[in-house]
Number of protein chains: 2
Amino acid sequence: MKKPPTIKDVADLAKVHAATASRALNPQTRDKVSARTANRVLEAAKSLGYAPNSAARSLRTKTSSVAGVIIPDLRNPVFPPIVRGIEDALREAGYMALLGNTDGNTERENELLLAMRGRQTDGFILATGRRADPAPPDGVPTVLVNRRTDIGDIPSVTCDNTAGVFSAVRLLVDLGHSRIAHVAGPQELSTGWERRRAFLDAMAAFDLEVPPDRIQMSTAFTEDAGHIAAQRLPVDITAIIAGNDLIALGCYSALERFGLQCPRDVSVVGFNDIPFANQQRPALTTVRIPHYGMGFESARLLLERISAPTSPAKRVVLPVELIRRDSVAPCSR
Amino acid sequence: MKKPPTIKDVADLAKVHAATASRALNPQTRDKVSARTANRVLEAAKSLGYAPNSAARSLRTKTSSVAGVIIPDLRNPVFPPIVRGIEDALREAGYMALLGNTDGNTERENELLLAMRGRQTDGFILATGRRADPAPPDGVPTVLVNRRTDIGDIPSVTCDNTAGVFSAVRLLVDLGHSRIAHVAGPQELSTGWERRRAFLDAMAAFDLEVPPDRIQMSTAFTEDAGHIAAQRLPVDITAIIAGNDLIALGCYSALERFGLQCPRDVSVVGFNDIPFANQQRPALTTVRIPHYGMGFESARLLLERISAPTSPAKRVVLPVELIRRDSVAPCSR
DNA sequence: TTGTAGGCGTTATCAA
DNA sequence: TTGATAACGCCTACAA
């Protein structure tokens with residue numbers, strides 16, 4: 001178990017001084033070195049399998065090229081592609097991701113933020129979407145993904161929830177539906193709140209009534225919670241827009257329980273287009289959101305902020321796409 | 001945005017030398033300092049909001065309390081729960097996870113290993129293990145999860161693929177099947193190889209023939225690859241054991257294409273029990289593996305190795321469970 | 001273009 | 001028990 005090579009080893013092998021090796025190794029300063037020496041150094045580095053010691057570099061430069069990524073739970077199917085997108089964008093810039101799960105627990109989130117900041121994290125990407133979250137640790141660049149705060153003081157990357165719900169409502173209206181219900185996600189999360197908001201706006205735009213009992217709150221973005229909430233809906237509805245796909249699946253099972261068939265009796269639209277949405281019976285009509293792209297963009301935005309921390313807080317909104325499958329049909333009642 | 005306090009600031013405030021402050025702050029060495037001074041230092045630290053600079057500490061101690069986790073692709077549904085388990089176990093020990101995806105690309109894997117090692121990673125958990133992978137070069141503690149090498153020189157956490165396949169074969173045999181086929185995963189991966197091996201052994205144990213064309217290789221653990229491989233199977237088979245669930249879904253669509261019904265004409269068994277396996281039509285019978293537990297155990301094992309690097313390489317094998325659903329039925333032919 | 005020197009914050013070793 | 005000192009590996013003025 002020998003110790004990894006240092007820049008000194010590389011320099012010795014290339015017969016230059018460590019300072020020169022440093023300049024040759026760093027693309028930023030490479031042009032302050034003759035091309036010939038630079039090549040020699042680069043080759044020496046490769047032959048030794050040299051990797052810069054980032055602790056030393058961090059100590060010197062006060063940056064770590066590491067971003068903290070904090071999400072509620074990786075097992076929620078929306079997050080893997082987001083995290084993957086983040087990682088790909090970070091990698092392009094030589095950054096890596098420190099990952100942490102909070103299970104929606106604020107205390108744990110704060111612990112994680114503290115622990116990561118102690119590890120010299122250059123910035124944070126948070127997907128832990130409460131609407132009223134306190135501003136993150138000051139001075140450390142932060143970007144929100146898939147959520148945003150009510151006051152727009154933190155840069156964020158979200159998808160166009162409003163347009164997505166509007167297109168779903170429009171589709172149902174075009175199919176003749178008017179008694180449309182909404183099983184909303186948790187209202188303390190920006191996604192749950194925005195989609196309910198958009199639902200009300202869209203229904204109003206189409207001059208359709210929404211009696212209070214046609215909106216039921218699901219306590220979580222899960223199939224079980226959706227099932228429970230859907231059972232409270234009145235029986236005269238002909239279509240449901242669900243807060244997300246898992247809630248939509250909960251609606252499926254609730255309908256089944258009431259002896260109703262989808263889409264014959266009730267149409268259902270989800271949100272997210274998770275994997276396997278197209279394999280459900282019936283295949284789920286849903287609003288596809290660009291998970292990977294949102295992750296990717298959020299990392300780009302973070303990198304931007306890291307290099308220009310005082311730039312104004314952008315809010316990026318990515319377009320969504322309605323994917324029509326078998327869970328919607330013309331209104332029969 | 002003023003710079004954070006250093007140990008020197010704490011020492012000055014407590015009127016001691018920095019070295020003493022360091023001893024007082026570190027629980028390990030606290031007893032080398034008088035209780036009175038220790039208290040003074042601790043209070044000074046708190047009042048300044050002191051947090052140690054982990055870059056400096058890493059530089060000095062060569063440890064970082066960070067583990068590198070390298071997987072092929074987070075979007076593959078088996079990995080999120082594994083990674084989550086890893087993270088939970090690491091957190092218990094004050095560790096964090098640096099995550100990297102390789103897409104099965106060896107070059108990228110080496111890049112990642114290098115970059116992570118440069119970041120002072122204390123150890124690695126690899127879920128990318130090809131069977132013939134050489135040991136990681138440089139004595140950095142490493143654990144494989146969900147994979148292992150043919151020579152057992154690297155600690156690993158896997159599930160009992162052999163028992164899983166045996167129980168699947170037994171179920172099918174009990175249902176009267178004898179012309180059982182296997183759509184195997186990639187043979188350079190230990191999971192693909194072990195399951196095929198176990199299939200042959202199990203069939204032999206039940207005195208059943210396996211003509212060569214009843215084993216077809218899938219080039220990847222994906223639905224598409226499974227579909228393609230399944231199309232090459234002879235038509236007289238009455239049951240398929242798939243290398244994993246995604247391959248099993250590929251078998252579903254291949255059967256459909258041949259006008260065969262599952263389970264009426266052909267029974268299908270998968271492996272892994274990914275989310276939504278129970279929502280397929282028909283609901284997939286499969287071998288459930290303890291994803292989260294494997295991740296958790298692998299992190300525990302890594303921590304063990306970090307504290308005792310020369311201990312013998314354990315190989316942990318976790319039990320699996322056959323989940324019977326609607327994709328198997330008594331043999332009708 | 002290259003070398004020299006100093007310091008980032010912490011901790012381990014040695015001396016008092 | 002405490003203090004002084006050096007060193008971890010890298011980067012960057014500054015000097016040559």
Side-chain angles (χ1 to χ4, degrees), chain A residues 2-42 44-45 48-66 94 117-122, chain B residues 2-42 44-45 48-66 114-115 117-122 138:
Chain A
K2 51 178 172 288
K3 50 191 73 156
T6 73
I7 202 168
K8 183 88 185 359
D9 300 323
V10 175
D12 287 352
L13 183 60
K15 299 233 205 292
V16 293
H17 192 270
T20 308
S22 170
R23 286 186 278 254
L25 256 9
N26 187 331
Q28 289 269 351
T29 53
R30 178 129 56 221
D31 51 4
K32 315 189 84 179
V33 163
S34 82
R36 253 171 33 94
T37 16
N39 270 336
R40 239 184 23 251
V41 171
L42 256 27
L48 289 177
Y50 169 75
N53 179 322
S54 71
R57 176 180 284 170
S58 291
L59 186 57
R60 189 64 234 263
T61 62
K62 312 265 179 223
T63 68
S64 62
S65 294
V66 169
R117 210 181 36 168
R119 284 190 171 78
Q120 311 304 116
T121 306
D122 287 347
Chain B
K2 52 178 172 288
K3 50 192 72 156
T6 73
I7 201 168
K8 183 88 187 356
D9 299 325
V10 175
D12 287 352
L13 183 60
K15 300 234 206 291
V16 293
H17 191 270
T20 308
S22 170
R23 287 186 277 253
L25 256 9
N26 188 330
Q28 290 269 352
T29 54
R30 178 138 40 218
D31 50 3
K32 314 190 83 178
V33 165
S34 81
R36 253 172 33 92
T37 25
N39 270 336
R40 245 191 9 260
V41 171
L42 254 27
L48 290 176
Y50 168 76
N53 179 323
S54 70
R57 176 178 285 171
S58 289
L59 184 57
R60 189 64 235 253
T61 63
K62 312 253 180 238
T63 68
S64 61
S65 292
V66 169
L114 216 65
R117 206 187 46 169
R119 283 188 172 79
Q120 309 306 117
T121 307
D122 289 348
D138 48 9

Would you give me the side-chain donor-acceptor pairs under 3.5 Å for residues 16-27 of chain B, sequence neighbours excluded?
unit_1: B:His17; atom_1: ND1; unit_2: B:Ala19; atom_2: N; d: 3.0
unit_1: B:Asn26; atom_1: OD1; unit_2: B:Gln28; atom_2: N; d: 2.8

Terminal helix-axis angle for the helix from C:dT1-D:dA16 to C:dA16-D:dT1, with five pairs defining each axis and rounding to 10 degrees: 40°
Nearest heavy-atom approach of B:Ser58 to A:Ala55 is CB-CB, 3.6 Å
Any side-chain N or O of A:Thr37 less than 4.0 Å from the OP1 or OP2 oxygen of C:dT2? yes
Just to confirm, is there a sub-4.0 Å distance from OP1 or OP2 of D:dT1 to any side-chain nitrogen or oxygen of B:Ser34? no
Between D:dT12 (C1') and A:Gln28 (CD): distance, integer Å: 13 Å
Counting N and O atoms only, with roles assigned by atom type, does the side chain of B:Asp12 sit under 3.5 Å from a partner on the main chain of B:Asp9, one being a donor and the other an acceptor? no
Are any non-hydrogen side-chain atoms of B:Arg119 and A:Ser65 less than 4.5 angstrom apart? yes
Output yes when a side-chain donor or acceptor of A:Thr29 lies under 3.5 Å from a complementary backbone atom of A:Lys32, and no otherwise. no
Between CD of A:Gln120 and P of D:dC10 the distance, given in whole Å, is 17 Å
For A:Leu13 and A:Leu48 the tightest heavy-atom approach is CD2-CG, 3.9 Å
Locate the shortest heavy-atom distance separating A:Ile7 from A:Tyr50; write the atom from each residue and the value. N-CE1, 3.4 Å
Flag the pair A:Asn53 / B:Leu59 as yes when at least one side-chain heavy-atom distance between them is below 4.5 Å, and no otherwise. yes
Between A:Ser58 and D:dC10, is there a contact of a side-chain N or O with OP1 or OP2 at under 4.0 Å? no
Which letter, B, S or -, goes with each nucleotide of nucleotides 7-14 of chain C from 5' to 3', with contact meaning a protein heavy atom under 4.0 Å? BBBBBBB-
